[in-house]
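All remarks here apply to the structure that follows.
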Amino acid sequence: MLEWINDFGWILWLTVFLLLAVAEMLTLNLYFILMSVGALAALVAFLFHADLWLQIVIFCVVALATTVLIRPLALSHLHRGPADQLSNVDRLIGHRAVVLETVGLGGGLVKIGGDIWTARITGGAEIPVGATVEVDAIDGATAIISMPSAHKSAGTATTTA
């Protein structure tokens, strides 16, 4: 058996690498992929005709070093940004929109960024075409809008040509 490992150790290290890579794909915790780097280092050591004991030491040292040195950096990179970072349509809440079709309780159309959305008002009178509004919420594919805070206190709707 030891003779086979000495002759075909690359198969052993390649198998260990692949098994660890598959384990990483299943867990996604950045442990197994860094251990698989150790298996690749041991495979390179085998190709340079290192003894089996040295291959095992290289595997252990590289796996430990990458786990201790690289994993914290990788995790901090992955978790960069606020913990409550919004995604998808939640990012639209609070944005300004332009009314394309008069919006009332029955609905209308607004343009948020480059996209056109159906819209409803949260209360009050209809909002005319060209007015700048604020997105209060998203309900399915409908933006719930209101006049921006500055306009609410003034009690007037601003329209643009």
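If you take CG on L92 and CD on E134, they are separated by 12.5 Å, rounding to the nearest 0.5 Å. Of the inter-residue distances, the one linking D7 atom CG with F46 atom CZ reads 7.0 Å to the nearest 0.5 angstrom.
Remark: W117 engages no residue in a ring-ring contact (aromatic ring centres under 6.0 Å, His included) (not counting sequence neighbours). Every residue meeting the side chain to side chain contact (heavy atoms under 4.5 Å, CB included) condition with L18, not counting sequence neighbours, appears here in chain and number order: L14. Scanning for ring-ring contact (aromatic ring centres under 6.0 Å, His included) contacts around F8 gives W4, with sequence neighbours left out. For H77, the side chain to side chain donor-acceptor pair (under 3.5 Å) criterion is met by R80, not counting sequence neighbours. Residues passing the side chain to side chain contact (heavy atoms under 4.5 Å, CB included) test with T66 are L34, V37, V62, I70, sequence neighbours excluded. By the side chain to side chain donor-acceptor pair (under 3.5 Å) test, T142 pairs with T118, sequence neighbours left out. The ring-ring contact (aromatic ring centres under 6.0 Å, His included) check on F59 picks up W13, with sequence neighbours excluded. By the side chain to side chain contact (heavy atoms under 4.5 Å, CB included) test, V57 is found to be paired with W53, V61, residues two or more places apart in sequence or in another chain being considered. Remark: A45 pairs with A50, Q55, I58 by the side chain to side chain contact (heavy atoms under 4.5 Å, CB included) rule, at least two apart or across chains.
Judged purely by atom type and a 3.5 angstrom limit, R71 uses its side chain to pair as donor or acceptor with the backbone of N29.
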Determine all donor-acceptor pairs shorter than 3.5 Å in which one atom belongs to a side chain in residues 98-110; sequence neighbours excluded.
none

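With a 4.5 Å cut-off on side-chain heavy atoms, V133 and R96 do not count as touching. Counting heavy atoms from C-beta on, the side chains of I127 and I121 come closer than 4.5 Å. T27 is listed as a side-chain neighbour of F32, based on a closest heavy-atom distance under 4.5 Å. Using a 4.5 Å heavy-atom cutoff, the side chains of I33 and L20 are not in contact.
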Problem set entry | Residue pair L73, L69: steps toward the side chain to side chain contact (heavy atoms under 4.5 Å, CB included) verdict | CA-CA 7 Å; L73 293 172; L69 300 174; over 6 Å; no
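Residues M35 and I56 fall within the same hydrophobic cluster, defined by Ile, Leu, Val, Met, Phe, Trp and Tyr side chains chained together at heavy-atom separations under 4.5 Å. Two different hydrophobic clusters hold M147 and I144 under the rule that ILVMFWY side chains link at heavy-atom gaps under 4.5 Å. A continuous path of ILVMFWY side-chain contacts below 4.5 Å connects L47 to L40, so both sit in one hydrophobic cluster. In terms of hydrophobic clustering, with Ile, Leu, Val, Met, Phe, Trp and Tyr side chains grouped at heavy-atom distances under 4.5 Å, V44 and V16 are assigned to different clusters.
The list of salt bridge (charged side-chain N to carboxylate O under 4.0 Å, His left out) pairs with a residue in residues 111-127, not counting sequence neighbours, reads R120-D139. Within the structure, side-chain hydrogen bond (donor to acceptor under 3.5 Å, both in side chains) contacts touching residues 36-48 (residues at least two apart or in different chains) do not occur.
Here the shortest heavy-atom pairing between A143 and I112 reads CB-CD1, 3.9 Å.
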